[in-house]
Q: 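Let me begin by handing over the structure; questions about it come next.
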Protein chains: 2
Amino acid sequence: MAARRVTIVEIAQRVGLSKTTVSDALHGGGRVSPATAAKVAAAARELGYVTNRAARQLRGRSVGAFGIYIPPIARNFNFYMEFAFGAAHGSAEHDADLTLFARDADVGPRHFQVDGVLAVDPLPGDPMLQRLADAGIPMVTAGRPPEALADAVAAVIEAPHSDLARLVLDHLHQCGYRRPAFVGSDRQFYSSWADDVRQSYLDWCATYLTEPSACDCPLDATAEELGAAVRSAVAPTDVDALVCAPQGFAGRAIGILESVDRHVGPGFGLASLSSDPTTELSNQRITAVDLAPWTFGREAVNLLAAVIAGEPRPYLNRFEKVAIRKAGESTGRPWASE
Amino acid sequence: MAARRVTIVEIAQRVGLSKTTVSDALHGGGRVSPATAAKVAAAARELGYVTNRAARQLRGRSVGAFGIYIPPIARNFNFYMEFAFGAAHGSAEHDADLTLFARDADVGPRHFQVDGVLAVDPLPGDPMLQRLADAGIPMVTAGRPPEALADAVAAVIEAPHSDLARLVLDHLHQCGYRRPAFVGSDRQFYSSWADDVRQSYLDWCATYLTEPSACDCPLDATAEELGAAVRSAVAPTDVDALVCAPQGFAGRAIGILESVDRHVGPGFGLASLSSDPTTELSNQRITAVDLAPWTFGREAVNLLAAVIAGEPRPYLNRFEKVAIRKAGESTGRPWASE
DNA sequence: TTGAAAGCGGTACCAT
DNA sequence: ATGGTACCGCTTTCAA
């Protein structure tokens with residue numbers, strides 16, 4: 001099984017230095033000479049040295065791992081999966097592991113063995129977030145946290161959701177669609193994102209003097225629930241487009257719209273504000289916002305690492321590498337690369 | 001920040017015993033008297049003691065973490081997300097963290113800080129799996145591994161995919177459908193699962209003296225690619241049902257089938273061998289196999305933990321908590337609970 | 001710039 | 001059934 005691990009003492013013997021020096025050369029704050037550092041690094045590589053995180057954590061206070069927490073309700077969406085793997089990649093770049101937190105991970109009182117945590121779409125009242133906050137773990141959120149958590153959060157990263165929603169609506173308008181309806185998520189998923197896009201829709205309608213027609217439904221809506229929401233949203237006869245907020249809704253809406261004689265195309269516009277790669281980004285009939293989750297997750301981890309390292313960062317950070325793929329534009333295979 | 005943690009020494013002082021006794025009372029093999037154990041447990045609870053895992057691991061040689069690896073191509077499917085969170089829960093029950101491995105996590109020579117790894121749907125030629133094998137990390141796979149990896153794998157857990165596929169086909173037959181077509185995944189995703197269900201289909205056709213009509217397409221098929229595969233599979237005029245293997249294909253196929261005048265219902269059967277909760281399990285028109293990924297992930301971790309602990313286990317383990325939800329049967333909200 | 005020694009909080013081993 | 005003590009591998013503190 002796992003061969004006995006090489007320790008810094010062995011490296012020290014090999015290069016004829018003390019273990020203190022070796023420790024510093026490998027992890028410390030650069031008090032050793034460059035020449036020594038290089039020698040130590042070479043020996044470490046040769047011997048196949050691996051830091052013993054338990055030991056490091058026991059004495060010092062860094063763990064070498066970040067945590068990620070995703071609310072259970074949101075797990076249906078591969079956005080979060082991609083985000084998580086982007087975060088894992090980013091963590092590796094910071095020489096840290098990424099630990100996946102389950103909500104009910106507290107089988108008896110456990111401590112979080114991480115240097116910081118990334119909370120994605122933090123939802124009000126989530127007990128796990130409260131535990132994280134109580135534990136005093138440096139926390140970065142993707143999406144703005146609820147009031148109650150604001151003090152526990154060191155920094156936030158978010159995509160410009162309001163702008164994106166407005167741009168999508170403007171685009172629909174340019175295409176000649178005059179009255180877009182809206183289907184969003186209900187209070188079960190009261191994230192800042194859900195709030196932003198809904199508000200953007202209402203504001204846009206006010207600007208364009210259009211009567212809003214919005215419906216909410218559960219994030220994990222069944223066919224019936226989504227069907228009801230979509231039909232209700234597009235019920236007014238002059239509605240000539242539909243904007244769906246959560247990932248996958250727009251793709252699933254196509255069939256529903258057919259069933260009420262709204263054929264997506266020149267006569268009826270369809271847009272998705274958070275898009276699924278296979279059903280929405282790759283479907284040319286849909287105007288789709290690509291939130292680039294993998295890259296998003298990676299940048300979120302970069303922010304977390306900076307916060308932990310004490311580097312100054314603004315509280316609110318924008319993730320800009322998003323894109324709108326307009327209906328009719330070619331698609332390629334999205335998210336195919338790592 | 002993190003308040004200073006209570007140690008066993010403090011408990012020892014409190015109850016007037018040695019730290020050895022306290023340690024044994026809390027974790028050890030029951031060499032202390034029940035009365036003492038109770039007293040210690042009470043004191044621990046009162047003081048809010050939480051085991052310091054780093055310290056514990058330092059003396060032993062365990063890391064206190066399991067790894068999970070999911071092939072990038074498969075990430076579109078929330079099956080894996082649920083599986084991962086079930087695994088995270090199971091890990092917590094074993095007092096371990098769950099580390100998410102990204103394929104290209106090796107930014108420099110990092111080593112895997114885990115006691116073992118869970119590889120889900122291990123694909124032939126995956127360099128990450130090779131690295132894990134080379135590292136000599138105890139490995140359990142969900143789904144049988146490719147030949148080249150067999151020696152590196154300590155145990156396998158899998159659902160009875162062949163049986164499930166046969167049962168689904170039998171059910172379709174009982175419903176009066178005579179010639180089911182099949183859409184599976186292509187070689188990009190050459191997992192044992194993909195192989196099993198495809199072979200089951202062919203075998204079933206042979207048994208029932210039916211001409212198979214099978215098509216493969218990429219796991220991350222675009223609308224066009226899936227459309228082409230489905231249309232091709234159901235092209236023979238006597239095809240009166242469709243069985244889709246990968247998660248989400250059946251749900252997406254409904255609209256495609258409509259476009260070629262095959263209306264899912266009494267006249268045309270549709271089944272999914274790995275089902276998406278919102279689009280397939282909740283859709284009563286589809287006969288859907290529920291692979292119960294959360295529970296699956298949890299059991300897979302249990303197996304991994306047993307293997308690491310040296311408990312004897314068979315090489316091949318079956319995950320039986322699967323279910324077939326037949327068309328017409330009521331659905332409930334699947335996967336809603338944690 | 002480097003080294004020696006003292007821990008961190010448990011567990012293992014040997015005594016009693 | 002309980003206690004004493006060395007020690008896991010690393011970081012920190014203090015000295016040189």
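Values below: every heavy atom of this structure, side chains too, minus hydrogens, waters and symmetry copies.
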Q: Nearest-Å distance, CD1 (I11(A)) to P (dG9(D))?
A: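 Nearest whole value for this atom pair: 12 Å.
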Q: So, does the side chain of K19(B) form a donor-acceptor pair with the base of dG10(C) at under 3.5 Å?
A: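 Pair found.
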Q: Nearest whole Å is fine: how far is dA6(C) P from L58(A) CG?
A: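 From L58(A) CG to dA6(C) P: 17 Å.
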Q: Could you state the CG-P distance from L47(B) to dG9(C), rounded to the nearest angstrom?
A: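 About 15 Å, once rounded to whole Å.
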Q: For the helix from dT1(C)-dA16(D) to dT16(C)-dA1(D), what is the angle between the axes at its two ends, each from 5 pairs, rounded to 10°?
A: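 Between the axes fitted at each end of the helix from dT1(C)-dA16(D) to dT16(C)-dA1(D) lies an angle of 30°.
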Q: Can you identify which nucleotide, out of dT2(C), dG9(C), dT2(D), has its nearest atom closest to the T36(B) side chain?
A: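 Per side-chain heavy atoms of T36(B), the pick is dT2(D).
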Q: Atom NZ of K39(A) to atom P of dT1(C): distance rounded to whole Å?
A: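 In whole Å, dT1(C) P lies 14 Å from K39(A) NZ.
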Q: Could you state the CD-P distance from Q57(B) to dC8(C), rounded to the nearest angstrom?
A: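 Interatomic distance, CD of Q57(B) to P of dC8(C): 19 Å.
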Q: Please tabulate, one pair per line, each protein N/O and nucleotide N/O from nucleotides 12-16 of chain D that are separated by under 3.5 Å, including the distance.
A:
from	atom 1	to	atom 2	distance (Å)
dT12(D)	OP1	R61(A)	NH1	3.4

Q: Pick from V117(A), L118(A), L304(A), V307(A): which one makes a side-chain contact (heavy atoms from CB on, under 4.5 Å) with M139(A)?
A: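 Among V117(A), L118(A), L304(A), V307(A), the one that satisfies the side-chain contact (heavy atoms from CB on, under 4.5 Å) with M139(A) is V117(A).
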Q: Between S23(A) and T20(A), do the side chains contain an N or O donor and an N or O acceptor separated by less than 3.5 Å?
A: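 Short answer, no.
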Q: Taking all atoms of both residues into account, what is the closest heavy-atom pair of S62(B) and Q57(B), and its distance?
A: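 Heavy atoms only, the tightest pair is O-CB, 3.0 Å.
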Q: Within the pair T21(B) and dT2(D), is there a side-chain N or O less than 4.0 Å away from OP1 or OP2?
A: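 Answer is no, no contact under 4.0 Å.
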Q: Of the nucleotides dG9(C), dA1(D), dG3(D), which one has an atom closest to the side chain of S33(B)?
A: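 Closest of the options to the side chain of S33(B): dA1(D).
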Q: Report the distance from atom CG of N317(A) to atom CG of L303(A), rounding to the nearest 0.5 Å.
A: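 It is 4.5 Å, given to the nearest 0.5 Å.
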Q: Check the distance between dC10(D)'s P and R56(B)'s CZ and give it to me in whole angstrom.
A: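 Distance check: R56(B) CZ to dC10(D) P gives 21 Å.
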Q: Is the closest side-chain donor-acceptor distance between Y80(B) and D121(B) under 3.5 Å?
A: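 Looking only at side-chain atoms, D121(B) and Y80(B) do form a donor-acceptor pair, the distance falling under 3.5 Å.
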Q: Rounded to whole angstrom units, what separation is found between the CG atom of N52(B) and the P atom of dT11(C)?
A: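 That distance rounds to 10 Å.
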Q: Test R103(B) against Y69(B) for side chain to side chain donor-acceptor pair (under 3.5 Å), laying out the working first.
A: CA-CA 8 Å; R103(B) 164 173 291 180; Y69(B) 178 67; 3.2 Å; yes
Q: Could you measure the distance from the CD atom of Q13(A) to the OG atom of S18(A)? Nearest 0.5 Å is fine.
A: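 Between Q13(A) CD and S18(A) OG, I get 12.0 Å after rounding to 0.5 Å.
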Q: Rounded to the nearest Å, what distance is computed from the CZ atom of residue R53(B) to the P atom of nucleotide dG9(D)?
A: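 The answer, rounded to whole Å, is 19 Å.
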Q: If you compare every side-chain N and O of T7(B) against the phosphate oxygens of dG9(C) (OP1, OP2), does one of them come in below 4.0 Å?
A: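 For dG9(C), OP1/OP2 do not have a side-chain N/O of T7(B) under 4.0 Å.
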Q: Atom CZ in R298(B), atom NE2 in H94(B): separation rounded to 0.5 Å?
A: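 R298(B) CZ to H94(B) NE2: 8.5 Å, rounded to 0.5 Å.
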Q: To the closest 0.5 Å, what do you measure between CG (N302(B)) and CD (E299(B))?
A: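 Separation between the atoms: 6.5 Å.
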